[in-house]
Amino acid sequence: MKYVVSLIVSLGLVSACASSSDSPVDEFASVDGVEPVDEPAPERTPDPNEQKTEPEPVAEPELELAPLPELLGVPLAEDLNDDPKIIEINLTAQTSEHVFIEDTVTPMWTYNGQFPGPAIQARVGDRLIVHFTNNLPDSTTVHWHGLRVPNEMDGAPLVQQPVQPGETFTYDFKLKDAGSYWYHPHVQTHIQVERGLYGPIVVHEAEPPAYDVERIVFLDDIRLEMDGNRSPFNLTHPERMHGRYGNVLLLNGKAVDEGDSLALRHGVVERWRVMNSANARTAQLDLMAAEWRVIASDGGLVPEPFTTELLQIAPGERYDLEMRWNPESAEDSGELRYWVPVVENEQVKLAPIVLQTLFSNDEEALAAHDVELPEVTLPEWPVEDMPTITIELDGKPGFNGQIQWMLNGKVYGQHIPIKVDLGSYHTIDIVNKQAQVHPMHIHGHFFQVISRNGKPVVNEAGFKDTVMVGAKETVRLSILFDNPGQWMYHCHILEHAKMGMMGVIEVY
Ligand SMILES: [Cu+2]
């Protein structure tokens with residue numbers, strides 16, 4: 001664990017760099033504004049116990065279900081339901097403790113006492129029932145990031161009264177899309193996620209590609225004092241500007257230790273489901289240690305898997321990687337590296353931290369084999385004929401000169417919702433006026449990324465729910481609004497969302 005302390009020191013340089021006033025918005029004159037926004041309670045509260053009259057479902061022919069792949073990385077939630085098509089779990093938000101730095105204890109908020117929260121594993125088309133209990137001192141909700149759930153199950157305070165301490169709520173919905181997703185609160189999100197409230201959801205394809213091993217790789221960071229306590233949540237100037245950067249990198253809830261290693265069977269072909277739950281830090285993974293290709297993004301398998309040497313995963317995004325461990329010699333090892341900015345000679349540079357050293361175990365090598373992926377065809381949406389919604393991302397000093405992050409010139413609570421017809425197609429131009437990047441997330445829907453600064457995108461085909469919008473960049477999306485309700489859209493740098501960068505789209 002000795003490496004952790006040196007990581008704290010080196011990552012500390014990042015926040016030093018983040019606090020330098022290199023940003024154009026720093027120079028704006030101070031104007032009056034509003035304080036950090038709390039999400040208002042819903043105007044109409046769906047009653048969770050309300051009886052819904054739904055037609056009796058027509059019985060589907062019974063299919064022989066292949067067993068689900070074994071999932072490593074994060075322990076599974078216990079499924080309480082014998083029906084193979086219903087996943088029913090208990091999920092309790094509670095206080096607990098965790099050791100990140102030797103001889104220190106960090107107070108945490110977790111689901112079921114686990115960090116990350118238990119993995120929810122299901123098959124596309126399954127029904128998920130979550131009996132949620134809030135044993136925290138604060139109110140909370142559970143948002144199912146990326147899942148196209150019914151509006152009243154979305155966990156945004158816009159559509160659900162937050163669950164008060166000691167109270168319960170049952171989430172119940174169908175898992176419509178295979179892919180890698182995650183769950184987290186949507187109340188005081190920047191605090192509650194940083195305290196430890198998040199967990200993975202894996203929805204397998206009807207016939208999952210036959211990978212030898214599947215792993216969850218949850219990337220995060222946490223900001224700790226040397227005594228193990230979490231640094232206070234006081235929205236410092238750098239946190240407001242860039243989001244809260246941690247000084248300890250986390251991999252599946254454990255402090256990254258550059259001495260960690262992962263033994264792999266020679267010849268193995270694995271599926272790694274990589275997710276980024278950091279408040280602000282974009283993960284930059286160096287895909288050099290093995291043979292890799294990207295096979296899925298937020299909303300499932302992509303039409304054309306691709307290789308890349310550096311994979312950027314913004315907060316909220318997910319990518320599935322195929323990892324083929326096939327070194328020439330059994331003695332060969334490889335380093336899976338994560339690039340972080342450090343300051344060297346007053347210059348900001350990227351430097352690698354070793355997440356894990358990969359090496360061969362002593363099992364007999366597997367014969368060379370390929371894993372067949374199903375053909376994926378994305379729907380062709382009539383982009384040319386779609387009306388365009390423009391969303392400008394901007395930042396200006398507000399109250400006491402503190403930065404406010406805005407959508408179309410307004411902070412959350414000041415907007416008139418964007419209203420669209422159910423079943424309508426739109427293009428969305430997200431126009432970033434500033435140098436700070438913003439991973440923008442839309443609830444309840446998938447979109448496709450069409451272009452960046454007018455140029456067609458490369459290696460971005462696939463369904464997405466979160467898209468990185470670079471410095472001064474314009475990103476064009478296409479979207480089908482097919483899920484009725486009131487949906488949040490916001491920056492997934494959680495401090496930016498807190499400082500106003502959230503809005504509402506009404507689909508009716
Ligand atoms: Cu942002």
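The model shown is predicted, which means the values in this text are computed figures rather than measured ones.
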| said: Among Arg271, Arg293, Arg215, exactly one meets salt bridge (charged side-chain N to carboxylate O under 4.0 Å, His left out) together with Asp320. Which residue is that? | reply: Arg271
| said: Nearest 0.5 Å, please: how far is CG in Asp154 from NE2 in His143? | reply: 5.5 Å
What donor-acceptor contacts under 3.5 angstrom involve side-chain atoms of residues 455-462, with partners at least two apart or in another chain?
{"residue": "Glu460", "atom": "OE1", "partner": "Arg452", "partner atom": "NH2", "Å": "2.9"}
{"residue": "Glu460", "atom": "OE2", "partner": "Arg452", "partner atom": "NE", "Å": "2.7"}

| request: Could you grab the distance from atom OG1 of Thr110 to atom CG of Asn135, nearest 0.5 Å is fine? | output: 10.5 Å
| task | Check Tyr171, Tyr198, Tyr181, Phe132 against Trp144 for a ring-ring contact (aromatic ring centres under 6.0 Å, His included) and give me the one that passes. | result | Tyr171
| Just by modelled atom types, is the Gly253 backbone N or O under 3.5 Å from a matching donor or acceptor in the His98 side chain? | yes
| Is Asp394 paired with Lys433 through a side-chain N to carboxylate O contact shorter than 4.0 Å? | no
| said: Looking at Ile191, is its backbone amide N or carbonyl O close enough to the side chain of Glu194 to form a donor-acceptor pair, meaning the two atoms are under 3.5 Å apart? | reply: no
| field | Partners passing ring-ring contact (aromatic ring centres under 6.0 Å, His included) against Tyr319 (at least two apart in sequence or in another chain) | value | none
| task | Assess whether side chain to side chain donor-acceptor pair (under 3.5 Å) is satisfied between Ser180 and Arg273, documenting all intermediate values. | result | CA-CA 7 Å; Ser180 302; Arg273 297 171 180 269; 2.8 Å; yes
| query | Roughly how far, to the nearest 0.5 Å, is the CD1 atom of Ile120 from the CG atom of Leu128? | reply | 5.0 Å
| message | For Phe233, does the six-membered ring have the charged nitrogen or CZ of Arg244 within the cation-pi criterion, i.e. under 6.0 angstrom from the centroid and within 45° of the normal? | response | yes
| query | Checking ring-ring contact (aromatic ring centres under 6.0 Å, His included) against His186, which of His490, His145, His492 comes through? | reply | His490
